[in-house]
Amino acid sequence: EKDGHDWFMRKEIHEQPRAVADSLLGRRAPNGELQLDEVRLSDEDLRDIDKVIIVACGTSFYAGMVAKYAIEHWCRIPVEVELASEFRYRDPILTPYTLVVAISQSGETADTLQAIRHARAQRSWVLAICNTNGSTIPRESDAVLYTHAGPEIGVASTKGFLTQLVACYLLALYLAQVKGTRYGEEIADVLDQLEAIPGHLERVLEQREHVYELARRHVGARSVLFLGRHAGYPVALEGALKLKELAYLHAEGFAAGELKHGPIALVEDGMPVLCVVPPRGRDQLHDKMISGIQEVRARGAHTICLAEEGDESITAYADELVRLPRVPVLLQPLVAVVPLQLFACELATVMGHDVDQPRNLAKSVTVE
Ligand code: M6R
């Protein structure tokens with residue numbers, strides 16, 4: 001049942017190319033437009049949406065953070081991302097023109113369920129992004145976009161996260177299409193780039209032994225930091241969460257630019273710091289990230305850098321290097337998170353922990 005893997009988690013990590021491909025099936029209409037038939041909101045209702053609020057917990061929340069970058073960039077609508085457990089206690093401003101997007105793998109998370117009940121009571125639209133057919137959250141939503149991960153057994157979300165990202169990108173593109181903020185060609189280009197992701201994921205997975213070896217080298221670490229910028233920032237948070245859940249290690253993710261405002265004081269000699277390096281582009285993201293990496297390295301950090309193929313500027317500052325396929329920055333989370341999943345899975349395995357059933361955790365959290 002684990003396809004020869006020791007853990008469901010490891011099996012599920014390897015299923016990701018297939019899960020992403022399945023999530024993209026049947027999305028192009030004969031006229032080339034993006035179709036999301038199951039989103040039952042009318043184009044008119046979607047056109048009137050003037051704000052999106054994403055509510056979710058844990059890994060699903062990090063998918064929501066990535067979605068904010070995509071929706072704001074492609075659709076020019078303001079997006080807030082809120083931890084479901086905090087949402088209704090802050091008296092959020094909800095109107096009939098607000099679209100609340102609830103992201104939940106299980107569809108049973110109590111915090112997220114309460115958040116959507118609150119949103120619906122204020123007459124906002126609720127759309128669920130969910131992996132579990134017929135679960136409570138989609139049943140109580142106005143619309144649902146199902147992810148196609150298949151059952152996720154490991155408590156740590158992996159393929160659930162990747163398919164949530166795909167659903168978020170599709171939703172963002174669909175909103176852009178309906179609102180007319182992006183041309184058909186631009187949308188088709190992004191769909192092409194998404195369709196190339198399963199092949200890219202296979203190449204990332206081919207480096208698994210290299211990543212496992214890196215993980216084994218850091219078994220004695222007391223604390224591990226993760227750095228990212230832009231869409232790489234939620235990836236850093238997700239990498240840290242995986243390590244906390246599975247290896248019971250202190251791990252923290254930071255926006256690299258925020259380091260100098262405090263967290264850099266944590267850096268000690270030999271501390272592993274995993275860095276998600278943005279692709280080289282016209283903006284200064286990449287270069288700013290490199291200076292952040294230089295700063296931690298100057299203070300003794302052992303840097304493990306995830307950087308795109310062909311990026312040679314990184315080699316001088318990376319104690320270890322994992323190569324990522326070249327993809328646009330918005331889509332980079334899809335490929336960059338995979339080495340972090342492999343890293344956490346292997347580290348926890350070597351430490352003798354139960355990767356599929358970490359202590360104190362449940363697959364779906366049905367209490368608030
Ligand atoms: O089923 P959900 O997506 O609503 O679950 C949300 C979180 O409980 C979940 O992502 C949790 O953080 C995972 N254990 C992360 O690996």
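Whatever order the structure lists them in is the order used to number ligands and atoms, beginning at 1.
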Could you list the atoms of ligand 1 found under 4.0 angstrom from a heavy atom of Val155?
13 (C), 14 (N), 16 (O)

The salt bridge (charged side-chain N to carboxylate O under 4.0 Å, His left out) partner of Arg323 among Glu312, Glu308, Glu309 is Glu312

Are a donor atom and an acceptor atom from the side chains of Lys242 and Thr158 found within less than 3.5 Å of each other?
no

Should you measure from each heavy atom of Gln105, which atoms of ligand 1 turn up under 4.0 Å away?
1 (O), 2 (P), 3 (O), 4 (O)

Protein heavy atom at shortest distance from atom 16 (O) of ligand 1
Glu245 OE1, 2.6 Å

Take atom CD of Gln294 as the centre, draw a 6.0 Å sphere, and report whether it contains more than 12 heavy atoms from other residues, nucleotides or ligands.
yes

What is the nearest protein non-hydrogen atom to atom 8 (O) of ligand 1, stated with its residue, atom name and distance?
Val365 CG2, 4.2 Å

Could Arg120 and Asp142 be called an ion pair, given the rule that one side-chain N must be under 4.0 Å from one carboxylate O?
yes

Note: ligand 1 atoms sitting under 4.0 Å from heavy atoms of Ser60 are 2 (P), 3 (O), 10 (O)

Give the residue and atom name of whichever protein heavy atom lies nearest to atom 7 (C) of ligand 1, and the separation in Å to one decimal.
Cys57 O, 3.6 Å

Select one of side chain, backbone, both or neither to describe which atoms of Lys242 lie under 4.0 Å from any atom of ligand 1, heavy atoms only.
side chain

Evaluate Lys363 for polar contact with ligand 1, using N/O atom pairs at a separation under 3.5 Å.
no

Thinking salt bridges, do Glu1 and Lys11 make one under a 4.0 Å N-O criterion?
no

What atoms of ligand 1 come closer than 4.0 angstrom to any heavy atom of Ser157?
15 (C), 16 (O)

For ligand 1, which atoms have a heavy atom of Ser104 less than 4.0 angstrom away?
1 (O), 2 (P), 3 (O), 4 (O)

Within 45 degrees of the ring normal and closer than 6.0 Å to the centroid, is that where the cationic atom of Arg10 sits relative to Tyr212?
yes

If the threshold is 4.0 Å, N to carboxylate O, is there a salt bridge linking Glu38 and Arg27?
yes

Taking only non-hydrogen atoms of Ala156 and a 4.0 Å limit, the atoms of ligand 1 in range are 16 (O)

Identify the closest protein heavy atom to atom 4 (O) of ligand 1: which residue and atom is it, and at what distance?
Thr109 OG1, 2.5 Å

Please verify the inter-ring angle class for His218 with Phe343; under 30° counts as parallel, over 60° as perpendicular, anything in between as tilted.
tilted

For the CZ atom of Phe61 and the CG atom of Leu83, what is their distance to the nearest 0.5 Å?
4.0 Å

List the closest protein heavy-atom neighbour of atom 10 (O) of ligand 1: residue, atom name, distance to the nearest 0.1 Å.
Thr59 N, 3.1 Å

